[in-house]
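Reading through the structure tokens given below for one structure.
The figures here come from the full heavy-atom set of this structure, side chains too, leaving out hydrogens, waters and symmetry mates.
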Amino acid sequence: MKNLLSKVFSKKAKIQIEFCQNNLDRFLNEQTVADYGKFLANPRIQYKEYECLSECKLCKNTPYAKVNGQIMSGENSQDLLNQLHDELK
């Protein structure tokens, strides 16, 4: 019983994600917006969207986010989302 309760009430760390609004506008489409919305509804995720994160060179070329202060980028928005899912594990 103790094992079950520890699994149910485990205290996994929250993940803080920062997004650049310009980057989201550039790389997200209707499908990925819905996928990101489902992902960001997770209670372990705290996120904030900024107008600019001052990563202009990266921003022009690839979707990215800052995860716990570290930059994470993907080949496309779905690839970035898959990497963000991996961070939750």
Taking side chain to side chain donor-acceptor pair (under 3.5 Å) as the test, write out the residues that go with Q16, two or more places apart. Q46
Are L53 and I71 co-members of a hydrophobic cluster defined by side-chain heavy atoms under 4.5 Å apart?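 Yes: a chain of side-chain contacts under 4.5 Å links I71 to L53.
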Identify whether L58 and Y50 are in the same connected component of the hydrophobic contact network (ILVMFWY, side-chain heavy atoms under 4.5 Å).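 In one cluster: yes.
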Tell me, please, which residues at least two apart from F27 pass side chain to side chain contact (heavy atoms under 4.5 Å, CB included). N23, P63
Shortest non-hydrogen contact between [X] and [Y], atoms and distance:
{"X": "I17", "Y": "A65", "result": "CG2-CB, 3.8 Å"}
{"X": "C52", "Y": "C20", "result": "CA-SG, 4.0 Å"}
{"X": "L84", "Y": "M72", "result": "CD2-SD, 3.8 Å"}

Restricting to pairs with a member in residues 51-74, which pass side-chain hydrogen bond (donor to acceptor under 3.5 Å, both in side chains), not counting sequence neighbours?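 Passing the test, one end in residues 51-74: no pairs.
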Report, one line per pair, each donor and acceptor closer than 3.5 Å where one atom sits in a side chain of residues 28-45; sequence neighbours left out.
unit_1: N29; atom_1: OD1; unit_2: Q31; atom_2: N; d: 3.0
unit_1: N29; atom_1: OD1; unit_2: T32; atom_2: N; d: 2.9
unit_1: N29; atom_1: OD1; unit_2: T32; atom_2: OG1; d: 3.1
unit_1: Q31; atom_1: NE2; unit_2: D35; atom_2: OD1; d: 3.0
unit_1: Q31; atom_1: NE2; unit_2: D35; atom_2: OD2; d: 3.3
unit_1: T32; atom_1: OG1; unit_2: N29; atom_2: N; d: 2.8
unit_1: T32; atom_1: OG1; unit_2: N29; atom_2: O; d: 3.2
unit_1: Y36; atom_1: OH; unit_2: S77; atom_2: O; d: 2.8
unit_1: N42; atom_1: OD1; unit_2: R44; atom_2: N; d: 2.8
unit_1: R44; atom_1: NE; unit_2: A13; atom_2: O; d: 3.2
unit_1: R44; atom_1: NH1; unit_2: L88; atom_2: O; d: 2.8
unit_1: R44; atom_1: NH2; unit_2: A13; atom_2: O; d: 3.2
unit_1: R44; atom_1: NH2; unit_2: L88; atom_2: O; d: 3.4

What pairs of residues pass the salt bridge (charged side-chain N to carboxylate O under 4.0 Å, His left out) test when at least one of them lies in residues 78-89, not counting sequence neighbours? D86-K89
